[in-house]
Amino acid sequence: MIRLSREREESTSVARQRAYITAWAEQNGHTIVGWAEDEGVSGSVPPWERPQLGKWLPTSLGGRADVARFDILCAWRLDRVSRRVLHLAALMDWCRSTGRAIVSTSEGFDINSPMGAVFVNILAALAEGELEAIRERARSSFAHLMKEGRWRGGFVPYGYRAVKAETGQGWRLEVDPETSKVAREIVRRIVAGESTNSVVRWLNETATPSPLDAQRKRAGKATTGTEWRVANLLKMLRSHTLLGYAEMTETRTKPDGTKESVTRLVRGEDGLPLRRADPIVSATDWERLQEALRKNANPKAGNRVGGSPLLRVAYCECGEPVYRNRGRAGMYYRCGLRARAGRNCPRGMSSIPAHDLEHITEQFFLLTVGHLEVQRRVFVPGSDHAAELADVEEALADLRGHFTAGLFRGERGKAEFTQMYGALEVRREALEALPSEPDRWEMVPTGQTYRERWESLTTVEERNREMREAGLKVIVYALPTEEELYALNDPDEYSRVRVILPEDLMERVQAHAAKAA
């Protein structure tokens, strides 16, 4: 059998291992009946779970063979068989019980003798220790490169590209003009209320290269035609790499003994997240994106932008959002309680034609505020350092969680944890001692009236967002009963629709009316 974790110039290559095994078989009068060549496979993977070797091992051991058709399992060295003591011991026990043997061409002793078994355990333990040393060196190298702001290689996060560092020392990440523009548009659409499914559909319909094809295109390789997938897009959007932060994935053991992959931020010596590149989106936009993703993930979130111009604008009098549906007579709105909870509206709301509700809302909006100038809320950051203090608190909580989960291994890991945690506590004390001034929002004129703004908008999504940003709310009431109609002096006074303006906008309407009078 042959195994190689990674092809390197100084490695004992596949061809060389094959030559050693072939020479040993010829010298000892054996016939080679097959090869199991597992390239790119770690020595920590059980032999019976490897793509090639597993085909030669029986299902009773965990492999995929009906009958193991060989007498001797030959490898260049024992660490090619496994770097785990338990895995090697299990394989050797099976070989002994079935009359088979394991041979190493370079160790120089009889593995199958009692004394050889002792040497095997010693070598396997050394190999396992070397495996941990290799992993520790990899983790150390990874952390060192990250803390220097260098790119360690591998898959480039979407929106970035790897470029040669100006100093000539390795590589770094920089914002890619093409893919970062796509990433920002994706974020804009999600924040505006579009579902992840609709965004994926838009990306595929416009033939926007997927992250894999974008990377292959930058490398001058042929694209594969890989399409965007919802799961991959969600992973990208929830990643802190959009903010330029570095992340790493580690494997940890859960209390039930199973293993899971955990992605966490890479932190500097001060304990704060390590930024290795310029952000693609602002921290504010990233937080809005996460909130939008949480709402989209909520099965009770209601309908999406694209089908309903009154999304998160129109509500039933019972408090539920109204849904836009297609019926025999055309589009209509109805209370969303049945779709959400399978129950009828307690107020007895029946459907209302979509055209009527949308026309009433639009006309009221333009007639009431169309002459007013659009004002936008602009965030003015304060100096209370609340956001930074919250980041520090979050970092402390993350570190405690990672330490409890055993992600800081050995003395070196404990020392790293102590250093980062102490630095964060010092930073927290310094922030708490600073004077505070809260963040605030200011209304800034745009020089454009609501009517001018409305006429410049061309899509359902844009007009929906305009009404939501203005704070418009529409209440749809049930049809009146005969008693309610009889109680009215004029039945025409009854209205199923009530349009409500926010207090600040209503004050502007009243002030303008008073001035005109």
Cationic N near anionic O, under 4.0 Å, [X] to [Y]:
X: Arg161; Y: Glu178; answer: no
X: Glu185; Y: Arg188; answer: yes
X: Arg463; Y: Glu466; answer: no

If we ignore hydrogens and angles and just use 3.5 Å, is the side chain of [X] paired with the main-chain N or O of [Y] as donor and acceptor?
X: Thr446; Y: Val374; value: yes
X: Tyr158; Y: Leu212; value: no
X: Glu320; Y: Cys345; value: no
X: Tyr160; Y: Thr241; value: yes
X: Arg428; Y: Val392; value: no
X: Glu49; Y: Pro46; value: no
X: Arg64; Y: Pro51; value: yes
X: Gln363; Y: His359; value: no
X: Asn204; Y: Glu227; value: no
X: Arg468; Y: Ala192; value: yes

Tell me the closest heavy-atom pair linking [X] and [Y], and the distance in Å.
X: Pro502; Y: Leu472; answer: CD-N, 4.3 Å
X: Tyr332; Y: Ser351; answer: CD1-CB, 3.4 Å
X: Gln448; Y: Ser456; answer: NE2-OG, 4.1 Å
X: Ala214; Y: Pro209; answer: N-CB, 4.1 Å
X: Leu242; Y: Leu237; answer: CD1-O, 3.8 Å
X: Ser239; Y: Glu247; answer: OG-OE1, 3.0 Å

Would you say Arg400 and Tyr421 are linked by a side-chain donor-acceptor pair, where the criterion is simply a distance under 3.5 Å?
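There is such a pair between these side chains.
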Can you confirm whether the side chains of Thr208 and Thr206 place a donor and an acceptor under 3.5 Å from each other?
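Thr206 and Thr208 do have a side-chain donor-acceptor pair below 3.5 Å.
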Measuring only between side-chain heavy atoms, which start at C-beta, is [X] closer than 4.5 Å to [Y]?
X: Val182; Y: Leu203; value: yes
X: Val509; Y: Thr368; value: yes
X: Phe364; Y: Arg498; value: no

For Trp202 and Ile186: C-alpha separation, side-chain torsions, deciding distance, then whether side-chain contact (heavy atoms from CB on, under 4.5 Å) applies.
CA-CA 10 Å; Trp202 164 71; Ile186 293 172; 4.2 Å; yes
Would you give the length of the straight line joining atom [atom1] of [X] to atom [atom2] of [Y], rounded to the nearest 0.5 angstrom?
X: Leu389; Y: Arg427; atom1: CG; atom2: CZ; result: 9.5 Å
X: Phe365; Y: Arg451; atom1: CZ; atom2: CZ; result: 10.0 Å
X: Arg312; Y: Arg465; atom1: CZ; atom2: CZ; result: 11.0 Å
X: Glu358; Y: Met331; atom1: CD; atom2: CE; result: 8.0 Å
X: Thr458; Y: Glu461; atom1: OG1; atom2: CD; result: 9.5 Å
X: Glu39; Y: Gln52; atom1: CD; atom2: CD; result: 9.5 Å

Hey, what's the ring geometry for Phe403 with Phe408, parallel, tilted or perpendicular (30° and 60° as the breaks)?
tilted
For Val230 and Leu233, run side-chain contact (heavy atoms from CB on, under 4.5 Å): C-alpha distance rounded to whole Å, both residues' side-chain angles, the deciding distance at 0.1 Å, then the answer.
CA-CA 5 Å; Val230 172; Leu233 179 62; 5.7 Å; no
Any chance you could lay out the side-chain contact (heavy atoms from CB on, under 4.5 Å) test for Glu373 and Arg508, step after step, and finish with the verdict?
CA-CA 10 Å; Glu373 183 178 12; Arg508 292 181 60 198; 4.1 Å; yes
Regarding Arg275 and the six-membered ring of Tyr245, is the cationic atom NZ or CZ under 6.0 Å from the ring centre and inside 45° of its axis?
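Here Arg275 passes the 6.0 Å and 45° test against Tyr245.
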Could you walk me through whether Val322 and Leu310 pass the side-chain contact (heavy atoms from CB on, under 4.5 Å) test, one step at a time?
CA-CA 9 Å; Val322 295; Leu310 299 180; 5.7 Å; no
Check against salt bridge (Lys or Arg N to Asp or Glu O under 4.0 Å), Glu291 and Arg288
CA-CA 5 Å; Glu291 178 61 25; Arg288 290 174 180 168; over 6 Å; no
